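The structure appears below as structure tokens.
Only a predicted model underlies this, so the values are computations on that prediction, with no experimental measurement involved.
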Amino acid sequence: MSATATMVERPPPRARGWPRRRIAGYALVCLWILFGIGIVSYLFLAWNPAFFAKYAPAYLSGLGVTLALVSISMVLGAILSVPVAYGRMSKNRILSGLAYCYVYFFRGTPRLVQTYLVYYGLGSFRVELQSIGLWDFFKDAFNCGVFAFALNTAAYQAEILRGAIESVPRGQWEGAASLGLHKLQTLRKIILPQALIVALRPYGNELILMVKASAIVAIITVYDLMGNAKLAFANSFDIQAYIWVALVYLVMVEILRHGVEWIERRITVHLKR
């Protein structure tokens with residue numbers, strides 16, 4: 001063997017100086033820091049105790065409405081996503097086609113349009129809804145928001161659930177069948193525990209998106225967090241009304257993000273070495 005063949009190639013020399021991407025990254029971080037300092041300074045200098053005392057209770061009430069809207073919609077969407085995900089995975093073309101159309105529509109159209117279709121569209125059928133006893137439900141703007149949001153998130157959750165189940169290797173099903181386990185037992189005891197680990201992060205992202213998108217219902221006269229902020233600004237013309245509500249949304253998102261990360265660390269302890 002020649003000496004040249006046994007020579008070990010040296011690593012390329014380390015680049016000196018700062019590349020453009022690094023400079024741009026540091027510049028953007030500095031801009032965000034300056035922006036945050038500016039917001040905090042403005043809130044400190046423009047602190048208005050009368051504004052805070054007058055509208056803080058309304059903000060707390062709106063926060064409760066937002067949390068209720070998101071919680072109910074997520075639970076109803078999770079329940080509805082199970083048959084939709086089953087339809088997406090079904091070998092029956094009619095069933096899978098209907099599930100595909102449902103997912104395609106609610107994922108392909110804006111949530112604002114869907115909310116308008118429920119709130120204003122169903123209002124056009126008042127006589128028909130009264131005849132079947134559903135008008136008392138749909139005449140409430142909060143119920144319309146929950147209905148629209150539940151249908152929307154069910155489409156996303158169905159795809160999350162379907163992808164998580166299909167990510168589990170097929171050999172898990174075959175191994176369970178060789179042990180004599182029924183398909184429902186296999187799904188409940190073997191497949192779902194593994195699929196939920198995969199689905200946890202997408203579910204967390206969907207929950208965060210629901211919290212931020214919940215501000216849409218303020219347009220259909222629901223006095224949630226955003227609705228009360230709009231009312232406060234209309235009465236005071238003080239931009240603090242929107243700055244404070246933005247900070248509240250930011251805190252909620254951070255709490256949810258850290259909560260999902262904590263759950264993920266707890267349920268994946270067995271995967272770490």
Side-chain angles (χ1 to χ4, degrees), residues 32-33 35-79 110-112 114-116 118-120 123 136-154 156-157 200 203-263:
W32 278 111
I33 293 175
F35 178 75
I37 293 174
I39 293 293
V40 174
S41 301
Y42 173 79
L43 292 176
F44 179 77
L45 296 175
W47 172 253
N48 187 353
F51 175 88
F52 194 81
K54 183 177 181 180
Y55 295 108
Y59 274 47
L60 291 176
S61 174
L63 177 61
V65 174
T66 296
L67 294 177
L69 174 71
V70 173
S71 302
I72 298 173
S73 300
M74 286 294 294
V75 172
L76 294 178
I79 296 173
R111 198 173 316 210
L112 177 61
Q114 298 165 15
T115 306
Y116 275 168
V118 173
Y119 183 68
Y120 294 109
D136 289 336
F137 177 84
F138 286 108
K139 72 178 181 181
D140 190 332
F142 179 83
N143 294 338
C144 291
V146 168
F147 185 76
F149 275 50
L151 292 178
N152 179 274
T153 189
Y156 285 93
Q157 291 189 49
L200 177 61
Y203 269 120
N205 293 337
E206 175 62 15
L207 179 58
I208 289 173
L209 290 174
M210 283 285 290
V211 169
K212 293 188 291 185
S214 64
I216 291 175
V217 296
I219 303 176
I220 59 171
T221 69
V222 176
Y223 287 101
D224 65 331
L225 191 57
M226 187 63 184
N228 281 286
K230 288 178 60 180
L231 183 62
F233 181 78
N235 293 331
S236 64
F237 293 99
D238 192 340
I239 196 61
Q240 288 188 73
Y242 290 123
I243 296 177
W244 283 114
V245 77
L247 293 177
V248 174
Y249 277 113
L250 182 62
V251 170
M252 286 195 294
V253 168
E254 285 300 307
I255 291 174
L256 290 174
R257 184 174 68 84
H258 287 288
V260 171
E261 291 179 353
W262 180 81
I263 296 173

Could you tell me if the side chain of [Y] sits less than 4.5 Å from the side chain of [X], heavy atoms only?
| X | Y | result |
| --- | --- | --- |
| L231 | Y55 | no |
| L225 | M252 | yes |
| K212 | V253 | yes |
| L200 | V260 | yes |

With side-chain contact (heavy atoms from CB on, under 4.5 Å) as the test, would you mind laying out the steps for N143 and F138 before giving the verdict?
CA-CA 6 Å; N143 294 338; F138 286 108; over 6 Å; no
In Å, rounded to the nearest 0.5 Å, how long is the span from [atom1] of [X] to [atom2] of [Y]?
| X | Y | atom1 | atom2 | result |
| --- | --- | --- | --- | --- |
| N205 | Y156 | CG | OH | 12.5 Å |
| F137 | F142 | CZ | CZ | 9.5 Å |
| M226 | K230 | CE | NZ | 7.0 Å |
| Y203 | Q157 | OH | CD | 5.0 Å |

One pair to check against side-chain contact (heavy atoms from CB on, under 4.5 Å): I208 and R257. What are the steps and the verdict?
CA-CA 8 Å; I208 289 173; R257 184 174 68 84; 4.2 Å; yes
Taking all atoms of both residues into account, what is the closest heavy-atom pair of [X] and [Y], and its distance?
| X | Y | result |
| --- | --- | --- |
| T115 | A148 | CA-CB, 3.9 Å |
| S73 | M210 | CB-CE, 3.6 Å |
| V217 | G145 | CG1-CA, 4.2 Å |
| I219 | Y116 | CG2-OH, 2.9 Å |
| D224 | G227 | OD1-N, 2.8 Å |
| S214 | T66 | OG-CG2, 3.4 Å |

In terms of relative ring orientation, are F233 and Y242 parallel, tilted or perpendicular, with 30° and 60° separating the classes?
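Because their plane-to-plane angle lies in the 30° to 60° range, the rings of F233 and Y242 count as tilted.
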Is the side chain of N152 donor-acceptor paired with the backbone N or O of R111 at a distance under 3.5 Å, no angle test?
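Flag not set: sc N152 to bb R111 has no pair under 3.5 Å.
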State whether the side chain of T153 and the backbone N or O of F149 hold a donor-acceptor pair below 3.5 Å, judged by distance alone.
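Answer holds: no.
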Exceeds 12 heavy-atom contacts within 6.0 angstrom, atom OH of Y59
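More than 12 heavy atoms, drawn from other residues, nucleotides or ligands, come within 6.0 Å of this atom.
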Determine, stepwise, if the pair D136 / K139 fulfils side-chain contact (heavy atoms from CB on, under 4.5 Å).
CA-CA 6 Å; D136 289 336; K139 72 178 181 181; 3.6 Å; yes
